[in-house]
Amino acid sequence: MPIRELPPHLVNQIAAGEVVERPASVVKELVENSLDAGARRIDIEIEAGGTRLVRVRDDGIGIERQELALALARHATSKIESLDDLARIASLGFRGEALPSIASVSRLRLTSRTAHSGGAWSIASDGGELEPVAPAAHPVGTTLEIRDIFFNTPARRRFLRSERTEFQHLQGVVERLALSRFSTAFRFAHNRRTIFDLAAAASREEQEQRVASIAGEEFIAQALYVEREAPGLRLCGWIARPTFSRSQADMQHFFLNGRAIRDRLLANAVRLAYQDVLYHGRFPAYLLYLDIDPAAVDVNAHPAKQEVRFREPGGVHDAIRRAVESALQATRPGAVGDAAAPVEARPAPEAAWRLAEMFPVSAGNVREALAGYEALHGAQPAGDGFVAGSGQYPLGHALAQLHGVFILAQNSEGLVIVDAHAAHERVIYERMKQQVRAGGVAAQPLLLPQSVRLGEAQAGLAEEIAPTLAQVGLVVDRVGADSIVVRAVPAALEGGDVAQLVRDILADVVEHGSSRRVEQLVDVVLASAACHAAVRARRSLTVAEMDALLRAMEATDKADQCSHGRPTWAQLSLQQLDGLFLRGR
């Protein structure tokens with residue numbers, strides 16, 4: 001066939017295939033327009049899972065009468081005007097494709113009024129055919145009513161799922177939109193039944209109430225608040241404690257300048273921060289908000305605007321990882337939010353961590369380490385010097401050891417149960433990491449330097465970052481256009497697959513702008529060493545030794561879980577114990 005220009009109606013139908021996937025995508029586009037219009041309240045009403053009716057009403061700035069027809073024209077928008085605007089997009093929408101695409105596959109009515117106009121005006125479209133503008137009754141703001149989605153494209157309508165399924169997709173979209181903008185009130189109704197009605201949330205307490213109503217009370221009860229500012233960006237939000245992990249990544253929400261996104265760079269940064277506190281195969285839950293200069297990010301890199309491209313991905317990645325890691329350090333007994341009373345920070349007991357004392361593992365070495373805790377913290381037998389209710393120590397004082405595995409302790413809240421091996425493992429692991437970081441990663445020269453063949457671009461990248469690699473014990477030299485030679489590796493990784501390690505690091509640098517793969521592998525080795533060095537099950541400990549371990553836990557970051565992500569301690573309150581024995585009934 002000869003090349004010819006497509007008719008406008010067919011162009012709109014093709015665009016609708018990208019914009020209008022299902023009723024949920026219609027709601028997303030309409031609500032984002034309302035948010036861009038400065039709406040302080042948005043009402044969303046749907047019927048039959050959105051297939052019969054989608055109505056979105058807002059109290060935004062409205063649309064002038066003479067612009068109503070233009071609002072339904074392709075590539076007509078009030079949000080950008082020049083190439084400079086495209087380079088620093090601050091609005092959620094900007095392409096001007098949503099409304100004409102939706103209009104081409106539905107029966108649409110747009111009614112709007114501005115603050116300085118004498119009245120409201122309305123325009124209707126039937127499958128893309130516009131009707132004349134007519135007067136209407138409407139307060140300041142805009143209402144879009146979409147009926148019979150895909151009525152004129154039955155082939156696409158057949159791809160819609162059941163009403164229940166479409167409603168679930170719609171609810172998920174509306175919930176994410178409500179989480180994206182706390183300053184806006186949201187009401188959501190399905191088949192004339194209100195699903196939720198959320199007031200605007202200004203204070204952090206009000207915001208947490210909204211989060212709890214959408215993500216659940218348990219999430220916010222187990223959440224840590226994150227707030228960090230770095231040059232050019234600000235991160236805030238909530239991350240769940242490692243013990244609130246998920247079997248899938250269904251509670252991971254990231255908002256960039258108010259836009260919900262799913263970006264691999266950001267997800268990777270959070271995953272790395274959780275790497276040594278999360279149980280294998282589990283996923284963290286979080287709700288994070290990143291504000292960044294719009295000129296430093298390209299939101300026009302993905303057709304659905306779900307993925308973005310950063311000007312300096314490495315800096316953004318590191319800032320997010322550090323912020324989450326810093327918050328996770330508070331997951332220790334006595335930190336804010338734990339059941340026990342808070343405790344003043346204590347210096348880490350040096351005698352507890354000496355590597356020479358921990359290797360090789362023996363009962364004598366373990367006792368020496370525990371004796372070091374006791375000497376530094378002045379542990380006393382349970383009942384001597386501990387006043388119930390004083391909150392002297394978050395984990396209280398040891399009472400006994402159960403089956404050589406669990407430490408039973410009494411604190412002001414009730415009964416504390418500690419997994420001695422898991423707790424000791426975290427204590428050792430954190431100190432070993434401190435020693436490695438303080439002294440640097442020791443390099444082990446290879447008896448026979450190993451040549452690694454790469455692409456020319458990768459070999460050049462390896463040469464460029466060679467000084468950085470040397471800081472973590474990996475010494476490389478470029479010896480050809482497409483090859484390098486590895487002369488030394490981190491001592492902890494001697495005997496590993498050197499070529500694969502180099503390739504993985506270079507892949508990380510290309511994708512994320514940096515790599516922590518060596519540090520990750522070193523941490524894995526340290527975690528394994530700490531696990532083997534920790535006090536083993538069935539080993540009898542004295543009360544003084546148990547108390548010393550409790551004090552060490554209180555002084556150790558991330559002590560709520562071992563290096564494999566398993567919990568180290570649990571609290572049974574007096575109320576829970578009363579309930580077990582029906583006391584007071």
Side-chain angles (χ1 to χ4, degrees), residues 6-34 37 42-58 63 68-74 76 93 95-112 120-138 141-174 177 186-195 304:
L6 294 174
H9 182 70
L10 183 55
V11 170
N12 285 341
Q13 288 279 345
I14 294 171
E18 298 178 357
V19 176
V20 189
E21 179 186 0
R22 60 194 338 147
S25 55
V26 172
V27 170
K28 174 182 177 294
E29 297 290 347
L30 300 186
V31 173
E32 286 182 349
N33 278 343
S34 296
I42 301 175
D43 290 278
I44 304 137
E45 300 174 46
I46 62 171
E47 293 180 7
T51 57
R52 188 163 61 234
L53 170 69
V54 169
R55 183 185 294 118
V56 176
R57 182 192 301 268
D58 68 56
I63 305 172
L68 288 176
L70 197 58
L72 300 180
R74 294 195 73 229
R95 295 175 184 163
E97 288 186 301
L99 289 184
S101 299
I102 295 169
S104 70
V105 293
S106 68
R107 296 184 172 95
L108 178 148
R109 178 171 293 277
L110 168 60
T111 306
S112 191
W121 296 89
S122 179
I123 187 171
S125 167
D126 193 328
E129 298 294 326
L130 297 184
E131 298 178 4
V133 177
H138 194 279
T142 301
T143 294
L144 269 150
E145 192 173 273
I146 315 296
R147 294 185 179 273
D148 304 325
I149 293 176
F150 301 141
F151 81 97
N152 56 350
T153 52
R156 294 194 61 197
R157 190 178 182 90
R158 284 196 293 269
F159 280 91
L160 294 178
R161 303 301 181 187
S162 66
E163 177 179 327
R164 177 183 178 85
T165 300
E166 295 300 333
F167 167 71
Q168 289 174 340
H169 283 283
L170 261 163
Q171 184 173 7
V173 165
V174 176
L177 289 164
F186 283 83
R187 177 181 170 272
F188 177 46
H190 181 225
N191 292 338
R192 300 185 179 182
R193 181 176 69 89
T194 298
I195 306 302

TODO: Could you pull out all residues at least two apart from His190 that satisfy ring-ring contact (aromatic ring centres under 6.0 Å, His included)?
DONE: Phe167
Task: Test item: Glu97 and Glu29 side chains (from C-beta on) under 4.5 Å apart, heavy atoms - done: no
Open item on the list: Quick check on Arg161: does its CZ atom have over 12 non-hydrogen neighbours (other residues, nucleotides or ligands) under 6.0 Å away?
Closed with: no
Task: side chain to side chain donor-acceptor pair (under 3.5 Å) partners for Asn191, two or more places apart - done: Glu163
Task: Listed partners of Ser104 passing side-chain contact (heavy atoms from CB on, under 4.5 Å), at least two apart - done: Asn12, Gln13, Ala16
Task: Qualifying residues under side chain to side chain donor-acceptor pair (under 3.5 Å), relative to Ser112, sequence neighbours excluded - done: Thr142
- [ ] Drop me the distance from Asp43's CG to Phe188's CZ, to the nearest 0.5 angstrom.
- [x] 12.0 Å
TODO: Identify the two heavy atoms, one from Val105 and one from Asn152, that lie closest to each other, and give their separation to 0.1 Å.
DONE: CA-OD1, 3.5 Å
Task: For Ala73, all residues meeting side-chain contact (heavy atoms from CB on, under 4.5 Å), sequence neighbours excluded - done: Leu70, Ala76
Open item on the list: Can you list everything that forms a side chain to side chain donor-acceptor pair (under 3.5 Å) with Glu145? Sequence neighbours excluded, please.
Closed with: Arg55, Arg147
Open item on the list: Show the nearest heavy-atom pair for residues Pro100 and Leu72, with the distance to one decimal.
Closed with: CB-O, 3.2 Å
Under 3.5 Å, sequence neighbours excluded: what are the donor-acceptor pairs made by side chains of residues 121-130?
unit_1, atom_1, unit_2, atom_2, d
Ser122, OG, Arg109, NH1, 3.0
Ser122, OG, Leu110, O, 3.4
Ser122, OG, Thr111, OG1, 3.2
Ser125, OG, Gly128, N, 3.2

Open item on the list: So, using side chain to side chain donor-acceptor pair (under 3.5 Å) as the criterion, who are the partners of Gln168 when residues are at least two apart?
Closed with: none
Open item on the list: Taking the side chain as everything from C-beta on, heavy atoms only, tell me whether Val56 gets closer than 4.5 Å to Asn33.
Closed with: no
- [ ] Test Leu177 against Ile42 for side chain to side chain contact (heavy atoms under 4.5 Å, CB included), laying out the working first.
- [x] CA-CA 11 Å; Leu177 289 164; Ile42 301 175; over 6 Å; no
Open item on the list: Can you list everything that forms a side-chain contact (heavy atoms from CB on, under 4.5 Å) with Arg193? Sequence neighbours excluded, please.
Closed with: Ile195
Task: Rounded distance (nearest 0.5 Å) linking atom CD of Glu21 with atom CZ of Phe159 - done: 11.5 Å
Open item on the list: Taking salt bridge (Lys or Arg N to Asp or Glu O under 4.0 Å) as the definition, give me every residue that meets it alongside Arg52, ordered by chain and number, with sequence neighbours left out.
Closed with: Glu47
TODO: Quick one: closest heavy-atom pair of Arg187 and Ala189, and the distance?
DONE: NH2-CB, 3.9 Å
TODO: Could you tell me which residues satisfy side-chain contact (heavy atoms from CB on, under 4.5 Å) with Pro23, sequence neighbours excluded, listed by chain and number?
DONE: Thr51, Ile149, Leu160, Glu166, Leu170
- [ ] Nearest 0.5 Å please: distance from the CG atom of Leu108 over to the CD atom of Glu131.
- [x] 10.5 Å
TODO: State whether the side chain of Arg156 and the backbone N or O of Val20 hold a donor-acceptor pair below 3.5 Å, judged by distance alone.
DONE: yes
